[in-house]
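Working notes, beginning with the structure itself.
Residue numbers start from 1 in every chain, and the chains themselves are labelled A, B, ... in the order their sequence lines are given, proteins ahead of strands.
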There are 2 protein chains.
Amino acid sequence: MLTNTEENYIKAIYHLSVDNKTVRTNAISEVMNTTPASVSDMLKKLSDKSYIHYEKYQGVSLTKKGKTEALQVVRKHRLWEVFLVEKLQFNWDEVHEIAEQLEHIQSKLLIERLDNFLDHPTSDPHGDPIPNAKGEMPVLRQVLLSELEITIKAKVMGMKEHSPAFLQYLDKLGITIGSSVKVMDRVVFDASVELKVNDKKTMVVSHEVAKNILVSPID
Amino acid sequence: MLTNTEENYIKAIYHLSVDNKTVRTNAISEVMNTTPASVSDMLKKLSDKSYIHYEKYQGVSLTKKGKTEALQVVRKHRLWEVFLVEKLQFNWDEVHEIAEQLEHIQSKLLIERLDNFLDHPTSDPHGDPIPNAKGEMPVLRQVLLSELEITIKAKVMGMKEHSPAFLQYLDKLGITIGSSVKVMDRVVFDASVELKVNDKKTMVVSHEVAKNILVSPID
DNA sequence: AAATAAATTTAGATTAACCTTAATTTTTGG
DNA sequence: CCAAAAATTAAGGTTAATCTAAATTTATTT
């Protein structure tokens with residue numbers, strides 16, 4: 001069984017491994033808010049437990065076992081975020097810290113039931129995909145609203161910008177996660193977007209706004 | 001800020017302080033599953049932080065500050081238990097361990113919202129009262145079904161017995177938490193109880209069964 | 001290709017929460 | 001009431017996760 005700290009290190013390595021290059025000690029120390037010396041200690045431990053491939057001075061990468069662990073933690077984190085936003089009315093920019101704690105609760109059954117309760121969501125309130133119980137990432141056909149093909153109906157999955165000002169503006173427009181949107185037309189001059197929200201309201205939003213809304217086409 | 005372990009000690013002291021006598025080191029070590037020596041160490045620490053009154057060899061009691069802390073932890077534990085049973089379909093005998101973890105999540109707002117989501121429950125699935133946000137225990141007018149006055153309608157609040165056999169039997173009878181019950185008559189011979197469940201089904205249960213069901217009269 | 005800079009690891013301490021063994025205090029029963 | 005038993009505390013040690021300072025390795029740059 002992993003400690004919370006070990007889980008956090010593994011998760012950090014996972015998030016830093018975007019392009020499959022090895023992850024450097026300094027990069028980890030930065031996101032973990034510790035010293036490189038502390039990271040060195042932990043890397044030795046994680047290597048002994050074979051969660052990572054580690055050669056001194058050469059950076060690390062996750063083993064299969066390590067990646068599985070990381071994906072489970074990510075899954076838990078994102079499921080809890082969905083819970084907090086959908087059931088407890090949190091805004092999507094308030095949930096990260098709480099989910100950081102909840103992601104360490106140990107109970108397979110709990111996560112299974114939570115997933116069920118939430119109706120098996122495939123993405124979290126930031127639009128990031130949620131790995132399934134086997135650790136497989138769903139392939140989300142997600143695009144920015146600014147890139148959505150004309151007349152194709154889509155569902156709002158998340159936002160890239162999380163400032164209160166932006167959230168409040170969207171609120172006023174009636175655009176939230178789960179809303180349906182369809183681009184009716186684009187203004188050539190400034191790329192602003194004319195769209196229909198929830199099959200009713202027609203409105204115009206700027207290109208800047210559209211660039212910060214993640215949507216997923218509805219088949 | 002308290003560590004999880006400190007919170008657990010304070011909670012243990014709270015639960016052991018039923019009759020306001022001081023709590024002994026050995027009693028704590030037993031419920032905490034540690035050695036008396038470890039408890040001694042911790043008591044010194046908690047006393048330094050003024051969560052407890054502590055005189056060497058004389059046992060401890062919670063200060064006002066300590067009691068407030070304990071009640072908050074108990075509140076969180078019981079609210080999470082309600083969540084697990086009512087929303088995630090756990091049985092009331094499966095939730096304790098998970099709630100032991102969840103009770104340490106730090107976020108006032110989270111608990112406020114959870115309480116709201118659950119509709120401000122006043123007791124947990126075991127029938128135990130849930131302190132409010134100020135740390136006040138609600139006075140539950142709770143009696144055993146075996147003691148319920150005849151023809152008074154009441155709501156099932158919890159069970160004292162948690163064995164699967166008992167749960168399954170109640171399930172078959174259609175008696176769960178939240179059911180309404182009314183005692184129609186009592187058999188003098190063996191004190192078995194004739195009752196109406198949810199204003200419909202009439203049935204007879206033994207005194208032994210009735211003694212393990214907690215109910216609260218409906219005004 | 002050496003020398004300097006940057007990154008990383010090692011060494012040695014610290015703190016929290018434990019433990020075991022030994023000393024001390026309190027309780028209790030003959 | 002006082003000696004043995006029980007409870008408690010003290011002393012000294014361990015492990016996980018941190019730290020600082022020093023040593024070592026790798027990278028960069030003249």
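dT10(C) atom P lies 4 Å from atom NZ of K56(A), rounded to whole Å. Taking atom CG of residue N26(A) and atom C1' of nucleotide dT25(D), one finds them 13 Å apart after rounding to whole Å. Atom CD in E7(A) sits roughly 15 Å away from atom C1' in dA16(D) (whole-Å rounding). When the P atom of dA11(D) is taken as reference, atom NZ of K44(B) falls 8 Å away, rounded to whole Å. Counting to the nearest Å, the C1' atom of dA7(D) and the CD atom of E30(B) are 13 Å from each other. Atom CD1 in I28(B) sits roughly 14 Å away from atom C1' in dT9(D) (whole-Å rounding). Regarding E55(A), its CD atom lies at a distance of 10 Å from the P atom of dT26(D), rounded to whole Å. Atom P of nucleotide dA16(D) and atom CG of N4(B) are separated by 18 Å, given to the nearest angstrom.
Put simply, S40(B) has no side-chain N or O that comes within less than 4.0 Å of OP1 or OP2 on dA10(D). Within the 4.0 Å cut-off from OP1 or OP2 of dT8(C), at least one side-chain nitrogen or oxygen of R24(A) is found.
Side-chain contact between H104(A) and N8(A) is present, with heavy atoms from C-beta onward closer than 4.5 Å. Using a 4.5 Å heavy-atom cutoff, the side chains of Y169(A) and V209(A) are in contact. At a threshold of 4.5 Å between non-hydrogen side-chain atoms, the residues V193(B) and H207(B) do not count as touching.
Comparing Q58(A) and Y9(A) by the nucleotide of DNA chain D whose heavy atom lies nearest to each, the residue mapping closer to the 5' end is Y9(A).
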Do any N or O atoms of the protein come closer than 3.5 Å to N or O atoms of nucleotides 19-22 of chain D, and which pairs are they?
residue : atom : partner : partner atom : Å
dC19(D) : OP2  : T35(A)  : N            : 3.2
dC19(D) : OP2  : T35(A)  : OG1          : 3.0
dC19(D) : OP2  : S38(A)  : OG           : 2.3

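Between E30(A) and R24(A) there is no salt bridge, since no side-chain N of the basic residue sits under 4.0 Å from a carboxylate O of the acidic one.
For Y57(A), the side-chain atoms get nearest to dT9(C) when compared with the rest of dC18(C), dA16(C), dT9(C).
Partner K11(B) forms a side chain to side chain donor-acceptor pair (under 3.5 Å) with one of E6(B), E100(B), Q72(B), E69(B) and no other, that one being E100(B).
Aromatic rings from F83(B) and F83(A) are positioned such that their centres are separated by under 6.0 Å.
Using bins of under 30°, 30° to 60° and over 60° for the plane-to-plane angle, the ring pair H96(B)/H77(B) lands in the tilted bin.
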